[in-house]
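Here the structure is laid out as structure tokens; the discussion comes afterwards.
Note that the coordinates shown come from a computational prediction; the quantities given were computed from them, not determined experimentally.
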2 protein chains.
Amino acid sequence: MSTTGTRPPHAAPRVAVDLVILTVRESRLQLLLIERGKQPYLGRPALPGGFLRGHEKLDDAARRELHEETGLNGSRLHLEQVHAYSRPDRDPRGHVISVAYLAIAPSLSEPVAGSDARRARWTPLEQVTSAPDALAFDHAQIIADAVERARSKLEYTTLATAFCADEFTISELRQVYEVVWGRSLDERNFSRKIRRTEGFVVPTGAKRRPETGRPATLYRGGPAKTLYPPVLRAGIDGDLR
Amino acid sequence: MSTTGTRPPHAAPRVAVDLVILTVRESRLQLLLIERGKQPYLGRPALPGGFLRGHEKLDDAARRELHEETGLNGSRLHLEQVHAYSRPDRDPRGHVISVAYLAIAPSLSEPVAGSDARRARWTPLEQVTSAPDALAFDHAQIIADAVERARSKLEYTTLATAFCADEFTISELRQVYEVVWGRSLDERNFSRKIRRTEGFVVPTGAKRRPETGRPATLYRGGPAKTLYPPVLRAGIDGDLR
DNA sequence: ACAAAAGTGTTACATGTACACCCATGT
DNA sequence: ACATGGGTGTACATGTAACACTTTTGT
């Protein structure tokens with residue numbers, strides 16, 4: 001294969017988007033990886049993504065790739081731009097600038113279906129951090145940056161509700177924080193704090209009955225987008241676990 | 001002029017960088033604007049910036065444009081990527097994706113000199129917010145996003161020291177917060193808080209004598225990059241002023 | 001002595017942390 | 001009655017807000 005080094009030295013860069021799609025499954029933070037079906041990095045795990053088409057906006061390209069490569073419906077998921085990566089040697093085919101997006105999927109999202117999605121699968125984040133060199137391109141770095149963005153936004157925004165189904169309990173919301181941050185939180189203080197933060201969650205009136213124990217109030221995400229006071233992860237509350 | 005609409009519909013987008021260079025001058029938050037020397041938007045105020053060259057990294061292009069268009073030495077300024085703008089109609093010449101950078105210059109920075117910089121001048125932010133349509137392209141939006149990034153980062157990072165000269169007093173640092181946030185802070189509480197946050201500032205041992213009054217201890221920026229606890233702007237302390 | 005700016009002490013209040021205890025349900 | 005998970009009360013530590021007061025300088 002001689003696809004490298006054949007472009008003129010000052011060719012205009014091509015522009016792509018890559019997606020870091022996070023969810024909480026089986027009490028672990030997981031992300032959607034595909035197996036590359038062509039060179040370079042054939043067969044290696046990589047982020048879903050692709051080149052910008054025509055006069056498309058980056059946001060539109062991200063939603064299109066989300067649907068094409070994973071079968072997930074982008075219009076219902078949280079999706080935000082994170083960073084543009086531009087090292088000239090990051091893609092052996094030539095200069096490719098990749099704009100990374102962070103997407104958050106609720107836990108119930110199915111393992112994925114869709115046209116180009118046969119090779120897509122949920123992967124625990126830990127697997128990526130313990131063997132970052134297994135990934136194609138600079139995708140390990142992109143993942144690290146996007147995950148840090150998500151961790152940070154849990155502090156001062158209502159992003160955590162995007163990890164939950166339409167209706168959820170405070171306990172489920174707390175588990176999102178615990179899994180994303182990798183530390184335990186006191187359920188009782190957490191519960192009070194969330195419910196006292198105006199607009200974070202609104203009760204639906206219904207209850208969910210656990211297998212055993214008192215039924216929990218069900219909530220939906222409220223109108224608030226930012227949190228004051230923030231939920232800070234730097235506290236001394238729970239231990240790492 | 002018929003520079004618009006002449007490109008084939010699916011031409012690859014071009015990539016540019018734009019710079020939002022902030023400083024505190026005359027007790028106001030100001031940014032560096034240039035006057036456009038060619039179409040489109042000839043003669044209109046705009047952000048310094050330009051197209052990516054060859055196999056250049058975005059960060060390198062931002063530093064290069066910073067120097068070429070403003071004469072400022074990019075290697076000594078805080079410079080960070082903020083967001084990529086990609087609306088296909090944002091530039092009448094065709095599809096141009098612009099990656100915005102936020103730069104912070106210390107107050108002492110001279111009005112600017114340099115090759116291509118004759119038209120560059122410091123402009124109070126207020127002038128932009130009160131007449132956003134005067135600016136070329138979507139630059140008013142880019143400025144709004146970058147300024148919000150700066151305001152937000154003062155809360156939980158040590159970015160404020162980037163607005164100060166090498167040595168500064170706590171009062172000068174407080175004025176940075178006040179000017180950027182547009183609200184007053186209690187000097188006495190602020191001073192204690194800054195000095196108690198380990199690594200934010202370190203005393204140089206020298207003092208600065210004001211025209212009248214007690215000399216102030218001089219500090220340099222310390223090793224810390226993030227602040228815990230943060231300096232939150234949402235408090236009820238000072239009034240707007 | 002006085003003005004001006006830097007810096008300390010003190011008090012009231014808000015929020016965070018830890019944990020004992022009570023509530024609602026299934027078995 | 002008991003186990004299990006949801007939820008409340010409360011004491012203490014930490015941080016914020018407001019402001020009286022002291023310190024150090026120049027005139």
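Between atom OG of residue B/Ser98 and atom CZ of residue B/Arg87 there is a gap of 12.5 Å, rounded to the nearest 0.5 Å. One distance of note links CD of A/Gln175 with CG of A/Leu185; it measures 11.0 Å at 0.5 Å rounding. We find the CG-CG distance between A/Leu47 and A/Leu33 to be 6.0 Å, quoted to the nearest 0.5 Å. Here the OG1-CZ distance, from B/Thr204 to B/Arg220, works out to 6.0 Å after rounding to the nearest 0.5 Å.
The CD-P distance, from B/Glu172 to C/dA5, rounds to 13 Å in whole Å. Atom CG in B/Leu185 sits about 11 Å away from atom P in D/dA18, given to the nearest Å. A/Ile194 has its CD1 atom 15 Å from the P atom of D/dG6, to the nearest Å. Rounded to a whole Å, the CZ atom of B/Arg183 is 11 Å from the C1' atom of D/dT16. Here D/dG5 presents its P atom at 21 Å from CZ of A/Phe168, a figure rounded to the nearest Å. Rounded to whole Å, the distance from CG on A/Leu232 to P on D/dG15 is 11 Å. Spacing between atom CZ of A/Phe190 and atom P of D/dG6 amounts to 12 Å, rounded to whole angstrom units. Computed from coordinates, the A/Arg233 CZ to C/dT17 P distance equals 14 Å when rounded to whole Å.
Considering only the side chain of B/Thr212, C/dA4 comes nearest among C/dA4, C/dC19, C/dA6. Checking D/dT8, C/dA5, D/dA18 against every side-chain atom of B/Asp186, the shortest atom distance belongs to D/dA18. Closest to the A/Asn189 side chain, of the nucleotides D/dG9, D/dG7, D/dT16, is D/dG9.
Within a 6.0 Å radius of CZ in B/Arg76, other residues, nucleotides and ligands contribute 12 heavy atoms or fewer.
Both A/Gly213 and A/Lys207 lie close to DNA chain D; mapped to their nearest nucleotides by heavy-atom distance, the more 5′-ward contact belongs to A/Gly213. Taking the nucleotide of DNA chain D with the nearest heavy atom to each of B/Arg188 and B/Arg196, the more 5' of the two is matched to B/Arg196.
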Could you go step by step and tell me if B/Thr169 and B/Thr217 meet the side-chain contact (heavy atoms from CB on, under 4.5 Å) rule?
CA-CA 6 Å; B/Thr169 67; B/Thr217 308; over 6 Å; no

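Look at A/Lys193 and you'll find a side-chain N or O under 4.0 angstrom from OP1 or OP2 of C/dG16. Taking 4.0 angstrom as the limit, A/Arg209 places none of its side-chain polar atoms (N or O) nearer than this to OP1 or OP2 of D/dT4. Phosphate proximity of C/dG7 to B/Thr217: present, with a side-chain N or O under 4.0 Å from OP1 or OP2. Between A/Ser171 and D/dG5, a side-chain N or O to OP1/OP2 separation shorter than 4.0 Å is absent.
Residue B/Glu211 is in sugar-phosphate contact alone, with no base atom involved, counting any heavy-atom pair closer than 4.0 Å across all strands shown. B/Arg208 comes within contact range of no nucleotide atom at all, as no heavy-atom separation falls under 4.0 Å. Residue A/Pro215 is classed as a sugar-phosphate contact, given heavy-atom separations below 4.0 Å to backbone atoms only. Note on B/Arg192: a base of the nucleic acid sits closer than 4.0 angstrom, heavy atoms only. Among the atoms of the strands shown, none is found under 4.0 Å from any heavy atom of A/Thr169.
The base of C/dA6 lies close enough to the side chain of B/Arg214 for a donor and an acceptor atom to sit less than 3.5 Å apart.
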